4 protein chains.
Amino acid sequence: MLNKVILIGRLTRDPELRYTSQGTAVCNFALAVERDYKNSNGERDVDFIDVTVWRKQAETCANHLGKGRLVAVEGRMQIDTWKDDNGTNRKSPKVVARDVSFLDWPNDKQGNSGNNNQKKEEIDVPF
Amino acid sequence: MLNKVILIGRLTRDPELRYTSQGTAVCNFALAVERDYKNSNGERDVDFIDVTVWRKQAETCANHLGKGRLVAVEGRMQIDTWKDDNGTNRKSPKVVARDVSFLDWPNDKQGNSGNNNQKKEEIDVPF
Amino acid sequence: MLNKVILIGRLTRDPELRYTSQGTAVCNFALAVERDYKNSNGERDVDFIDVTVWRKQAETCANHLGKGRLVAVEGRMQIDTWKDDNGTNRKSPKVVARDVSFLDWPNDKQGNSGNNNQKKEEIDVPF
Amino acid sequence: MLNKVILIGRLTRDPELRYTSQGTAVCNFALAVERDYKNSNGERDVDFIDVTVWRKQAETCANHLGKGRLVAVEGRMQIDTWKDDNGTNRKSPKVVARDVSFLDWPNDKQGNSGNNNQKKEEIDVPF
DNA sequence: TTTT
DNA sequence: TTTT
């Protein structure tokens, strides 16, 4: 009924852009997310989390992001499961993003990966 | 730098309580989280997500929750990775919970799984 | 760059539905959100938070919600400010909802307030 | 039952540190949070939101943050209400922070405002 | 102004 | 497989 994930981290590599057979854009990248607290070795553990972005935002991410960039991702947690060739159950966890915000961008380019026009009606509403 | 997950769903089975060799309580259960939107077959897809709760909250969950109960979980996404006997990389995703709220509880028992005393100082602060 | 609010609480009264002069539906209600921890009097403090929902979801909320109902709201925090007749600055805080989920609904009606069709393309994507 | 706010924004001024009569540290600052989408004038609206941090994190914020710094805040929405001298009801909304992460910090100082030792037990747990 |  |  609610499945919400918010991550802030850095891209571990350049994003990959692909298209489905129906022509829908999909962008994949992985985020390195440092834990807030140091472990018993005095180091910060890091979670590496795969992220998938669809459609227009996929193209925006592919065009503007690169390895090492700092982003905030809002989305939902999804765990794809399948049986591999050995017949063992495998899990492929990822975050399917609804919004990606660029956090270390020069000021005049600042923004998110969304369509600037799609929420226009809401903004105009005087109520 | 931020890794935040919020889930609302129902337990797929009774929670399991274990203790580490140091005596720390740990409770595991899985949540069924329905998607908001129906798929092309007119059904709601369901995400099944493993949840781990530590210490005092682990015991509270084990004592009060059961299969089918509705809860809200706040925590972080963690993906444990290891090589299995075939030498293939395996992933074990879960949510490590910081708070669990019971949502379908009779009124006089309502609350979360935390220690009711631990935040007392904050509440008393007159500022 | 990110402004995200997630509330779970009960409606303090029936929702009110209005329309802007352009015909856009807007629904207002207030939520009672109990704190997880008891205060020094042994009671749970309650936050009362106004919520605004726009468009199609506004009508769904108005049609299906009522006083006392349990919902989850995802949205953003907005603080409208203005000068009143005495010339003093006044603040009107609220949550502008992006999604409202009904949590205490009979199972066959379960769901959220959104348009079940609008995300169809994403669901069909085979990637 | 759940009241969760996550903000990413920049401090509009230097943080202020105070102490309650019991000696508890409390730090106040305001965040400017840009909306993702431009309004009908082609500008990005900005939400200005007051933030309060308590105890050890208050001192860390006061010591390390300043006007213009980029932070992520996780906390809860709180609306204090009172009657002013004219007898009118006034509202004072803010976010009471549970965690503050510094996002534009040189690498060797990176981290959050929390106590690095307080979660040590969890990290050591071998389970 | 406030919900179970 | 991993970022600063």
Side-chain angles (χ1 to χ4, degrees), chain A residues 7-16 28-36 43-51 65-73 92-94 102-105, chain B residues 1-3 70 72 79 81-83 87-91 101-112, chain C residues 7-16 28-36 43-51 65-73 92-94 102-105, chain D residues 1-3 70 72 79 81-83 87-91 101-112:
Chain A
L7 305 175
I8 299 178
R10 293 186 182 278
L11 294 242
T12 62
R13 54 177 200 272
D14 288 339
E16 291 174 23
N28 290 288
F29 56 82
L31 280 189
V33 182
E34 292 195 340
R35 303 256 179 97
D36 285 340
E43 297 158 357
R44 252 175 248 288
D45 286 321
V46 178
D47 291 297
F48 295 98
I49 300 179
D50 289 322
V51 176
L65 291 177
K67 181 179 176 177
R69 297 291 313 282
L70 184 69
V71 298
V73 167
S92 180
K94 67 178 160 196
F102 308 159
L103 297 182
D104 57 0
W105 207 236
Chain B
M1 347 246 297
L2 183 77
N3 178 341
L70 184 69
I79 302 166
T81 57
W82 81 100
K83 265 198 187 351
T88 59
N89 291 314
R90 301 277 296 279
K91 293 183 176 181
S101 298
F102 307 160
L103 297 181
D104 57 359
W105 207 236
N107 182 249
D108 58 324
K109 296 186 178 175
Q110 205 164 70
N112 84 336
Chain C
L7 304 175
I8 300 178
R10 294 187 181 277
L11 296 241
T12 62
R13 52 183 149 76
D14 289 338
E16 290 174 24
N28 290 289
F29 55 84
L31 280 189
V33 182
E34 291 195 342
R35 303 256 179 98
D36 285 341
E43 297 159 356
R44 252 175 249 288
D45 286 321
V46 179
D47 292 295
F48 295 98
I49 301 179
D50 289 322
V51 176
L65 291 177
K67 180 179 178 178
R69 296 291 312 282
L70 183 69
V71 297
V73 168
S92 181
K94 68 179 160 193
F102 307 160
L103 297 182
D104 58 358
W105 206 237
Chain D
M1 348 249 294
L2 182 77
N3 179 339
L70 184 68
I79 302 164
T81 57
W82 81 100
K83 267 199 184 355
T88 59
N89 291 314
R90 300 278 295 278
K91 293 184 176 181
S101 298
F102 307 161
L103 298 181
D104 57 0
W105 206 237
N107 182 250
D108 58 324
K109 297 187 178 174
Q110 207 164 68
N112 84 335

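Each chain gets a letter, A, B and so on, in the order the sequences are listed, and its residues count up from 1. Just so we're clear, the structure is a prediction, and the values are computed from it rather than from any experiment.
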A.B. asks: Can you tell me the distance, in whole Å, between the CG atom of C:Asp104 and the P atom of E:dT3?
C.D. replies: 15 Å
A.B. asks: To the nearest Å, how far apart are B:Ile79 CD1 and F:dT2 C1'?
C.D. replies: 13 Å
A.B. asks: Sequence neighbours left out, what passes side chain to side chain donor-acceptor pair (under 3.5 Å) with A:Arg13? Give chain and number order.
C.D. replies: none
A.B. asks: If you look at every strand shown and take non-hydrogen atoms under 4.0 Å, does C:Gly9 touch a base, only sugar-phosphate, or nothing?
C.D. replies: nothing
A.B. asks: Do NZ/NE/NH1/NH2 and the carboxylate oxygens of C:Asp36 and C:Arg44 come within less than 4.0 Å?
C.D. replies: no
A.B. asks: With a 4.5 Å limit on heavy-atom distance, are the side chains of C:Ile49 and C:Leu7 in contact?
C.D. replies: yes
A.B. asks: Of the candidate nucleotides F:dT3, F:dT1, E:dT1, which contains the atom at the shortest distance from the side chain of D:Asn89?
C.D. replies: E:dT1
A.B. asks: Please enumerate all residues that pass side chain to side chain donor-acceptor pair (under 3.5 Å) together with C:Asp14, with sequence neighbours excluded.
C.D. replies: none
A.B. asks: Write down the distance between NZ (A:Lys94) and C1' (F:dT1), rounded to a whole number of angstrom.
C.D. replies: 17 Å
A.B. asks: From the set F:dT1, F:dT4, E:dT1, return the single nucleotide nearest to any side-chain atom of B:Lys91.
C.D. replies: F:dT1
A.B. asks: Nearest whole angstrom, please: distance from the C1' of F:dT1 to the NZ of B:Lys83.
C.D. replies: 10 Å
A.B. asks: Without decimals, in angstroms, what is the distance between C:Leu65 CG and E:dT2 C1'?
C.D. replies: 16 Å
A.B. asks: Which nucleotide wins on minimum distance to the side chain of A:Val46, given the candidates F:dT1, F:dT3, E:dT3?
C.D. replies: F:dT3
A.B. asks: Base, sugar-phosphate, or nothing for C:Val33, non-hydrogen atoms under 4.0 angstrom?
C.D. replies: nothing
A.B. asks: In the structure I gave you, are the side-chain heavy atoms of A:Leu31 and A:Val73 within less than 4.5 Å of one another anywhere?
C.D. replies: yes
A.B. asks: Tell me: CZ of C:Phe48 to P of E:dT1, nearest whole Å?
C.D. replies: 11 Å
A.B. asks: If you check the C:Arg10 side chain, which of E:dT4, F:dT3, F:dT1 turns out closest?
C.D. replies: E:dT4
A.B. asks: Nearest-Å distance, CZ (A:Arg44) to P (F:dT2)?
C.D. replies: 20 Å
A.B. asks: Atom CG of A:Asp50 and atom C1' of F:dT3: how far apart are they, to the nearest Å?
C.D. replies: 14 Å
